[in-house]
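Read through the structure below, which is laid out as structure tokens, and then see the notes.
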Amino acid sequence: MNQDMQKVLFSEEEIAQANQKLGKLLANDYKGKNPLFVCILKGAVVFLTDLVRQIPDSVDLEFIDASSYNGQTTTSGEVKILKDLDVSVAGRDVVFVEDIIDTGLTLKALMDLFKERHANSIKIVALLDKPANRQQNVKVDYVGLQCPDEFVVGYGMDYNERYRNLSYIGVLKPEVYMNN
Ligand code: IMP
């Protein structure tokens, strides 16, 4: 285990099982539809690469980088697009791929944006659902694992851009935050 880690929440094996379960569901629901999987950078990259390899049919991949405005001065539905897709989503069956849903602000805003862009359908797959802190009532269609109310890192998720490369998901020791 990494020396900064206090405990492992989800092992590599538990994550692999969750990916298999999600892959089966998605493969079945999107058979013959050639869905557009939109990976939300950067945290969902590791999850995306494992997830899509569970799906035998054709799937298109795109990447978006977005940050939600969480200040009082703007509406919660606004999102700043830092990197947009390279293709149109009009008429496409979109599946947002997210590492963890926390407040729900990012996904709510992206769903509104993609509705305006005339996607045919929009669903969400998230490896982790952390409902404790939810501010927007977004429907997460496919959830891998339920996450307790803790800040987690690993398997794509970071603290100050670190720990994304860990193959498991865990909680950092409190002193790691104090020293940063
Ligand atoms: P939200 O649902 O709009 O709050 O945003 C979710 C995003 O916040 C995720 O894609 C992560 O990048 C980040 N995030 C939320 N909770 C955590 C966590 O526990 N660890 C690491 N990143 C997190």
Side-chain angles (χ1 to χ4, degrees), residues 1-12 14-15 18-19 22 37-52 61-85 94-116 122-180:
M1 190 164 74
N2 182 290
Q3 58 182 11
D4 292 347
M5 205 60 69
Q6 183 179 65
K7 62 180 173 188
V8 174
L9 272 185
F10 302 111
S11 67
E12 201 172 340
E14 286 172 291
I15 296 168
N19 284 336
L22 292 171
F37 277 32
V38 178
C39 174
I40 303 174
L41 295 170
K42 301 175 191 169
V45 167
V46 179
F47 173 44
L48 174 89
T49 58
D50 282 343
L51 180 67
V52 291
L61 305 182
E62 280 289 324
F63 297 83
I64 195 164
D65 193 358
S67 72
S68 60
Y69 294 102
N70 207 357
Q72 283 84 15
T73 52
T74 54
T75 62
S76 58
E78 272 186 86
V79 69
K80 186 173 169 190
I81 305 291
L82 305 169
K83 184 227 171 287
D84 210 336
L85 307 194
V94 171
V95 179
F96 281 115
V97 181
E98 180 64 301
D99 48 0
I100 182 168
I101 314 266
D102 184 22
T103 63
L105 292 174
T106 310
L107 252 313
K108 170 72 173 67
L110 285 177
M111 290 199 68
D112 288 349
L113 179 68
F114 276 47
K115 275 180 205 156
E116 279 171 26
I122 310 172
K123 293 210 172 172
I124 300 170
V125 55
L127 178 62
L128 300 184
D129 184 15
K130 187 162 72 171
N133 203 17
R134 195 74 101 246
Q135 292 178 33
Q136 282 287 348
N137 186 21
V138 287
K139 180 169 174 261
V140 189
D141 304 279
Y142 304 92
V143 175
L145 297 157
Q146 289 295 329
C147 185
D149 187 15
E150 306 220 51
F151 191 83
V152 297
V153 298
Y155 199 71
M157 290 171 282
D158 75 307
Y159 171 62
N160 282 347
E161 293 301 324
R162 294 183 63 196
Y163 312 106
R164 292 191 195 275
N165 56 309
L166 300 179
S167 55
Y168 54 88
I169 295 169
V171 177
L172 292 170
K173 291 176 184 163
E175 56 262 36
V176 176
Y177 301 108
M178 286 173 224
N179 297 334
N180 278 282

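Both ligands and their constituent atoms are indexed starting at 1 by order of listing.
- Side-chain atoms of D50 and Y155 include a donor-acceptor pair closer than 3.5 Å.
- With K42, R164, K130 as candidates, the residue nearest to atom 19 (O) of ligand 1 on a non-hydrogen basis is K130.
- Short contacts between ligand 1 and G104, defined as distances under 4.0 Å to a heavy atom of the residue, involve ligand atoms 1 (P), 2 (O), 3 (O), 4 (O).
- At least one heavy atom of V152 sits less than 4.0 Å from an atom of ligand 1.
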R134 vs D129, salt bridge (Lys or Arg N to Asp or Glu O under 4.0 Å): CA-CA, chis, key distance, verdict: CA-CA 10 Å; R134 195 74 101 246; D129 184 15; 2.6 Å; yes
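- Ligand-side atoms of ligand 1 in range of T106: 1 (P), 3 (O), 5 (O), range being under 4.0 angstrom from any heavy atom.
- Listed by atom number, the atoms of ligand 1 under 4.0 Å from E150 heavy atoms are 19 (O).
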Derivation of the ring pair (Phe, Tyr, Trp, His ring centres under 6.0 Å) call for F37 and F96: CA-CA 6 Å; F37 277 32; F96 281 115; over 10 Å; no
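- By the 3.5 Å distance cut-off applied to N or O atoms, D102 is counted among the residues near ligand 1.
- Annotation for ligand 1: atoms under 4.0 Å from non-hydrogen atoms of L105 are 3 (O).
- K130 places a side-chain N or O within donor-acceptor distance of the main-chain N or O of E150, the cut-off being under 3.5 Å.
- Of the listed residues (I100, L107, D149), the one carrying the non-hydrogen atom nearest atom 14 (N) of ligand 1 is I100.
- One finds no salt bridge joining K83 and E62 here, because no Lys/Arg side-chain nitrogen approaches an Asp/Glu carboxylate oxygen to under 4.0 Å.
- Salt bridge present: E161 and K42 bring a charged side-chain N and a carboxylate O closer than 4.0 Å.
- Not a single donor-acceptor pair under 3.5 Å links the side chain of E116 to the backbone N or O of L113.
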Test salt bridge (Lys or Arg N to Asp or Glu O under 4.0 Å) applied to D4 and R162, step by step: CA-CA 11 Å; D4 292 347; R162 294 183 63 196; 3.7 Å; yes
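- Not close to ligand 1: G43, with no non-hydrogen atom less than 4.0 angstrom away.
- Residue E98 touches ligand 1 through its side chain alone, judged by heavy-atom distances below 4.0 Å.
- Distances from ligand 1 to the non-hydrogen atoms of Q135 include no value under 4.0 Å.
- Proximity of V153 to ligand 1 is not established, as no heavy-atom distance is less than 4.0 Å.
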